[in-house]
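Since the structure comes first, as C-alpha cells, the remarks are kept for the end.
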Amino acid sequence: MIKVLTIVGARPQFIKAAAVSRAFAEAEGMTEVMVHTGQHFDPGMSDVFFRELGIPQPAHHLGVHGGGHGQMTGRMLEGLEAVMLAERPDWVLVYGDTNSTIAGALAAAKLLIPVAHVEAGLRSFNRAMPEEVNRVLTDHVSRLLFCPTTAAVANLAREGITGGVHHVGDVMYDATLDAVRRAGTESRILADLGLEPGGFALATIHRAENTDTAAHLAEVLEYLRGRAAERPVVLPLHPRTRQAAERFGLGFDGLRTIAPVGYLDMAALLGGCAEVLTDSGGVQKEAYFHRKPCTTLRSETEWVETVDAGWNRLWKGPDYAPRRTITEYGDGRAAQAILGLIRDAA
Ligand code: UDP
C-alpha cells in the first residue's frame, strides 16, 4: 500500500485536492491521509468545500493561521514535521503556491520523504509575490512535478529541472467538470441574488499586491466601479480584502458584495456571468473553462495561454488576442494521471 500524505490549507487547495481525493478513492493500492494546516479556517473559506466536495475529513488539523509569513510558515513546518514522523508516508503531496505548500515540501524534503507537487512550474517572474517564492522553492525540492501547462514545463527546464516533470493537465479542470455537472441542480445562487444569466460581471480580489496599501485597493475598487457602469459587478468578498478595506476606511459602494461562496455556487456564478474580473489564478482559468472573457487585475499572469488564446487580458495591457481553444489543460482526468505517475514512481 502506497501511503500519500496530502497537505492542504487554503481554499484553492481544497478544490484541487477534492479532484485528486476522488481519484484516490478509486485507486487500488494507494491510501491518502489528509492534513489541514489551518491557513484558511472560517466556515465559508474551508468547511463548505470539505462538505460540498466530499473531501475526506483531515486526519490532522494544525490550526495554524495568521501572523507574518515567517511565523505562519515556521509553525506549519514544526507541526508538519511531527505529523510526518508519526505517519511515515511514502509520499507527501502538495498543491499550488501557498505557505502550506512550501512548509509541506520543506518538512518532507528534510525528512527525505519524496515530494510530489501539483501545479508545478508556474511562474509570474515577479519575486515580490509571496506565491512566486513558494512555487520556486517547492519545485526545487520536489521529486515529481505535475505541470498543468506546457509553459510550466518550459519554465522548469529553464531552471534546470527536467527529471520527474510531467505535463498532466489541470486538476482544476477536473474539479470544474464535476461542479458544472452538479451546480444546475444544487445551486440556487442566481435566483437567490436575483441575477439574470448574462446580466452581470463576476469579480474577485485577494492578492497582496491589490490589498496591501490603501492606494492599490482604492485603484482596483475604482476600476471595478467603472466597469459596474456597464453591468452590475458581483464581488464575493475574500476575508483579506474585507479586512484591508476596513483598515483603510474604503467602501464597496457601487459593487454588489456577497460573502465568499462555496464551489457549486461559484460554478453557477461563473456559468451565469457575462465576464470575469479577477486577480485570482484559479478564477482566470475557470473563466476559460466556462468560456467567459476575463480581465486580470494584475500586471502579469502565470496562465499565459489564457492571454495568448484571447480569453484573458491584463487590465492595463493590450486588448484580447484573437480567440482560440486551449487544449493543454487536458480532458478532466489530470487527477488519475497524477496517481498513476505516483504509483509508477513508488
Ligand atoms: N472560489 C470559491 N468561492 C469564492 C471565490 C473563489 O469557491 O467565493 C474558488 C474559485 O472558483 C477558485 C478558487 O476559489 O477555484 C480560487 O481561489 P483563490 O482565488 O482564493 O486563490 P488563487 O487561485 O488565486 O490561488
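Hydrogens, waters and symmetry mates are skipped; everything else that's a heavy atom, side chains included, is used. Note that the coordinates shown come from a computational prediction; the quantities given were computed from them, not determined experimentally. Just so you know, ligand 1 is whichever comes first in the structure, and atom 1 is the first atom listed for that ligand.
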Cut-off 3.5 Å, no hydrogens considered: what does the side-chain donor-acceptor table look like for residues 101-120, sequence neighbours left out?
| from | atom 1 | to | atom 2 | distance (Å) |
| --- | --- | --- | --- | --- |
| Thr101 | OG1 | Gln13 | NE2 | 2.9 |
| Thr101 | OG1 | Tyr95 | O | 2.7 |
| Thr101 | OG1 | Asp97 | N | 3.4 |
| Thr101 | OG1 | Thr98 | N | 2.9 |
| Thr101 | OG1 | Thr98 | O | 3.3 |
| Thr101 | OG1 | Thr98 | OG1 | 3.4 |
| His117 | ND1 | Asp139 | OD1 | 2.6 |
| His117 | NE2 | Gly96 | O | 2.8 |
| Glu119 | OE1 | Lys16 | NZ | 3.0 |
| Glu119 | OE2 | Lys16 | NZ | 3.3 |

Task: Side-chain donor/acceptor of His61 to backbone N/O of Gly63, under 3.5 Å - done: yes
Open item on the list: Any donor-acceptor pair under 3.5 Å linking the side-chain atoms of His36 with those of Ser46?
Closed with: yes
Task: Salt-bridge contact Asp253-Arg225 (side-chain N to carboxylate O under 4.0 Å) - done: yes
Open item on the list: Taking the basic N atoms (NZ, or NE/NH1/NH2) and the acidic carboxylate oxygens, is any pair closer than 4.0 Å for Glu87 and Lys3?
Closed with: yes
- [ ] Answer yes if the side chains of Arg158 and Asn155 hold a donor-acceptor pair under 3.5 Å, and no otherwise.
- [x] yes
Task: ligand 1: protein residues within heavy-atom distance under 4.0 Å - done: Arg11, Pro12, Ile15, Phe49, Met172, His206, Arg207, Pro236, Pro260, Val261, Gly262, Tyr263, Met266, Ser280, Gly281, Gly282, Val283, Glu286
